[in-house]
Amino acid sequence: MSLELLSSQASFGGTHSRFRHRAATLDCDMVFAVYLPPKPTADLPVLYWLSGLTCTDENFMQKAGAHRLAATLGLVLVAPDTSPRGVPGDPDNAWDFGLGAGFYVDATEAPWSAHYQMYSYVVHELPALVEANFPVSERRSISGHSMGGHGALIAALKNPGRYRSVSAFAPVCHPSGVPWGEKAFGRYLGAHRERWREWDSCELLDRATERLPLLVDQGDADSFLNTQLRPNLLAAACERTGHPLRLRRRPGYDHSYYFIASFIDDHLRFHAEALRTPDHGGGDGG
């Protein structure tokens with residue numbers, strides 16, 4: 001599938017580029033960003049980053065400060081958009097649903113099901129495109145922020161063997177039980193809450209067959225902490241199921257990219273260590 005180069009900049013000896021392509025899964029044009037470290041050679045590992053509500057690929061690449069260490073670690077960074085573009089959005093123009101708010105699920109309800117297949121896009125279509133066009137291997141890890149943290153967690157939990165590691169900043173941990181998730185799931189997936197369990201990390205942990213350690217950072221000054229994010233529920237689910245979790249509560253930090261930039265190096269090193277192993281085993285999940 002052809003890629004249209006939109007822009008390219010040198011960064012810490014490597015290259016940050018943005019591309020447009022026709023996404024078959026979403027039936028629309030999509031933009032994504034790639035950071036290639038200096039002197040890229042074949043078989044580089046990839047960290048996929050999923051951004052949060054209202055964001056695009058640009059937020060992480062411009063604000064997280066990830067390029068410097070990624071260049072040193074020889075790590076490719078890939079940041080997709082957060083929803084389909086150029087398609088109908090929420091008729092109420094809500095910031096937390098529709099455009100910029102795909103929630104990384106595969107919608108089953110009309111009219112959203114025609115385009116809002118973000119899970120299949122970020123888990124399958126985009127990696128296949130990246131692996132066909134860039135000097136990368138099938139060694140993948142995944143991370144994200146807020147809505148994107150939710151996306152990273154479910155992508156890993158639903159696909160044993162596909163990722164080497166997973167982490168999140170301030171993830172929406174139990175979307176089927178908080179206002180953001182209830183609004184999105186009710187419209188994308190329908191009124192039957194039983195269907196929502198397939199897209200909720202706290203529910204997926206009960207039947208997870210892989211025990212990838214989870215690294216989660218959460219600021220205690222985050223205004224969404226108790227109403228939308230609920231990391232205590234993720235901690236309880238991990239304790240109940242025996243799933244390894246390192247949940248770090250960060251005093252004074254909020255939900256912003258200042259928070260992400262403060263701790264992104266820890267996450268990059270965490271993923272780079274997991275990605276160094278040549279053979280992971282287990283194959284790709286569905």
Show the nearest heavy-atom pair for residues Met147 and Phe103, with the distance to one decimal. SD-N, 3.4 Å

Test ring-ring contact (aromatic ring centres under 6.0 Å, His included) on Phe32 and Phe19; report intermediate values, then the result. CA-CA 6 Å; Phe32 68 97; Phe19 298 90; 5.8 Å; yes

Taking atom types as modelled and ignoring hydrogens, do the side chains of Asn159 and Tyr119 form a donor-acceptor contact shorter than 3.5 angstrom? yes

Please tell me whether Leu126 and Leu44 are part of a single hydrophobic cluster in this structure, the criterion being side-chain heavy atoms less than 4.5 Å apart. yes

Arg249/Asp217 salt bridge by N-O under 4.0 Å criterion: no

For Leu234 and Leu205, work out which heavy atoms get closest and say how close. CD1-CD1, 3.7 Å

ILVMFWY network linking Ile142 to Leu204, side-chain heavy atoms under 4.5 angstrom: yes

Check whether any side-chain heavy atom of Tyr48 sits under 4.5 Å from a side-chain heavy atom of Val122, and report yes or no. no

Derivation of the ring-ring contact (aromatic ring centres under 6.0 Å, His included) call for Phe224 and His255: CA-CA 8 Å; Phe224 303 116; His255 202 68; 5.0 Å; yes

For the pair Asp266 and Arg248, evaluate side-chain contact (heavy atoms from CB on, under 4.5 Å) and give the outcome as yes or no after the intermediate values. CA-CA 11 Å; Asp266 292 349; Arg248 306 188 301 186; 3.2 Å; yes

Assess whether side-chain hydrogen bond (donor to acceptor under 3.5 Å, both in side chains) is satisfied between Asp81 and Thr56, documenting all intermediate values. CA-CA 5 Å; Asp81 204 344; Thr56 68; 5.2 Å; no

Check: Asp200/His174 side-chain N/O donor and acceptor closer than 3.5 Å: yes

Please say whether more than 12 non-hydrogen atoms of neighbouring residues, nucleotides or ligands are located less than 6.0 Å from CD in Glu239. no

Do Val178 and Trp95 belong to the same hydrophobic cluster, where Ile, Leu, Val, Met, Phe, Trp and Tyr are linked whenever their side-chain heavy atoms lie under 4.5 Å apart, directly or via other members? yes

In terms of the angle between their ring planes, are His145 and Trp49 parallel, tilted or perpendicular, with boundaries placed at 30° and 60°? parallel

Glu109 and Leu189: CA distance, side-chain angles, deciding distance, side-chain contact (heavy atoms from CB on, under 4.5 Å) verdict: CA-CA 6 Å; Glu109 301 298 300; Leu189 305 173; 5.5 Å; no

Determine yes or no for a side-chain-to-main-chain donor-acceptor pair under 3.5 angstrom, with Glu131 supplying the side chain and Val136 the backbone. no

Count I, L, V, M, F, W, Y as connected when their side-chain heavy atoms are under 4.5 Å apart, and connections chain through other members. Are Leu225 and Trp180 then in the same cluster? no

Hey, does Val76 have a side-chain heavy atom less than 4.5 Å from the side chain of Leu47? no

Evaluate the side-chain proximity of Met118 to Pro84: yes if any heavy-atom separation is below 4.5 Å, no if none is. yes

Exam field: side chain Trp196 to backbone Gly190, donor-acceptor pair closer than 3.5 Å: yes

Is the positively charged end of Arg187 above the ring of Phe97, judged by distance under 6.0 angstrom from the centroid and angle within 45° of the axis? yes

Please test Met30 against His21 for side-chain contact (heavy atoms from CB on, under 4.5 Å), starting from the C-alpha separation and ending with a verdict. CA-CA 6 Å; Met30 290 291 284; His21 75 109; 4.0 Å; yes

Let me confirm one number: the CG-CZ distance from Asp220 to Arg250, rounded to the nearest 0.5 Å. 11.0 Å

Report the distance from atom CG of Leu77 to atom CG of Asp57, rounding to the nearest 0.5 Å. 12.5 Å

Which pair of non-hydrogen atoms, one from Ser143 and one from Ala168, has the smallest distance, and what is that distance? OG-N, 4.1 Å

Can Arg207 and Glu198 be counted as an ion pair, charged N to O under 4.0 angstrom? yes

Are there more than 12 heavy atoms of other residues, nucleotides or ligands under 6.0 Å from atom NZ of Lys63? no

Could you see if Leu73 belongs to whatever hydrophobic cluster contains Phe12? Use Ile, Leu, Val, Met, Phe, Trp, Tyr and a side-chain cutoff under 4.5 Å. yes

What's the spacing between Asp43 CG and Glu138 CD if we round to 0.5 Å? 9.5 Å

Minimum heavy-atom separation for Tyr121 to Ala23, with atom names? CE1-CB, 3.8 Å

Quick one: does Ser256's side chain have a donor or acceptor within less than 3.5 Å of a partner on Tyr258's backbone? yes

Taking atom types as modelled and ignoring hydrogens, do the side chains of Thr25 and Gln117 form a donor-acceptor contact shorter than 3.5 angstrom? no

Between Asp96 and Lys183 (salt bridge meaning N to carboxylate O under 4.0 Å), is one present in this structure? yes

Using a cut-off of 6.0 Å, state whether more than 12 heavy atoms not belonging to Arg246 lie near its atom CZ. no

Show your working on ring-ring contact (aromatic ring centres under 6.0 Å, His included) between Phe263 and Tyr253 and close with a plain yes or no. CA-CA 11 Å; Phe263 304 108; Tyr253 284 89; 4.9 Å; yes

Between Thr82 and Cys55 (side chain of the first, backbone of the second, donor and acceptor by atom type, cut-off under 3.5 Å), is there such a pair? yes

Please test Arg162 against Arg140 for side-chain contact (heavy atoms from CB on, under 4.5 Å), starting from the C-alpha separation and ending with a verdict. CA-CA 7 Å; Arg162 187 164 182 80; Arg140 317 175 194 94; 3.4 Å; yes

Under 30°, 30 to 60°, or over 60°: which ring-plane class applies to Phe259 and Phe169, parallel, tilted or perpendicular? perpendicular

Out of Arg22, Arg20, Arg18, which residue meets the side-chain hydrogen bond (donor to acceptor under 3.5 Å, both in side chains) rule with Glu4? Arg20

Aromatic contact, Tyr116 with Tyr188 (centres under 6.0 Å): yes

Kindly state whether the ring of Tyr35 and the ring of His16 have centres lying under 6.0 angstrom apart. no

Do you know which two heavy atoms are closest between Leu157 and Ala208, and how far apart they sit? CD2-CB, 4.1 Å

Would you say the side chain of Arg85 lies within less than 4.5 Å of the side chain of Asp29, judging by non-hydrogen atoms? no

Kindly compute the distance separating CG (Leu229) from NE2 (His150), expressed to the nearest 0.5 Å. 12.5 Å

Between atom NE2 of His267 and atom OG of Ser167, what is the distance when rounded to the nearest 0.5 Å? 5.0 Å

Considering non-hydrogen atoms only, spot the tightest contact between Leu75 and Pro45 and give its length. CD1-O, 3.9 Å

Nearest 0.5 Å, please: how far is OG in Ser83 from CG in Leu99? 5.0 Å

Would you say the side-chain atoms of Asn59 and Ser51 include a donor-acceptor pair closer than 3.5 Å? no

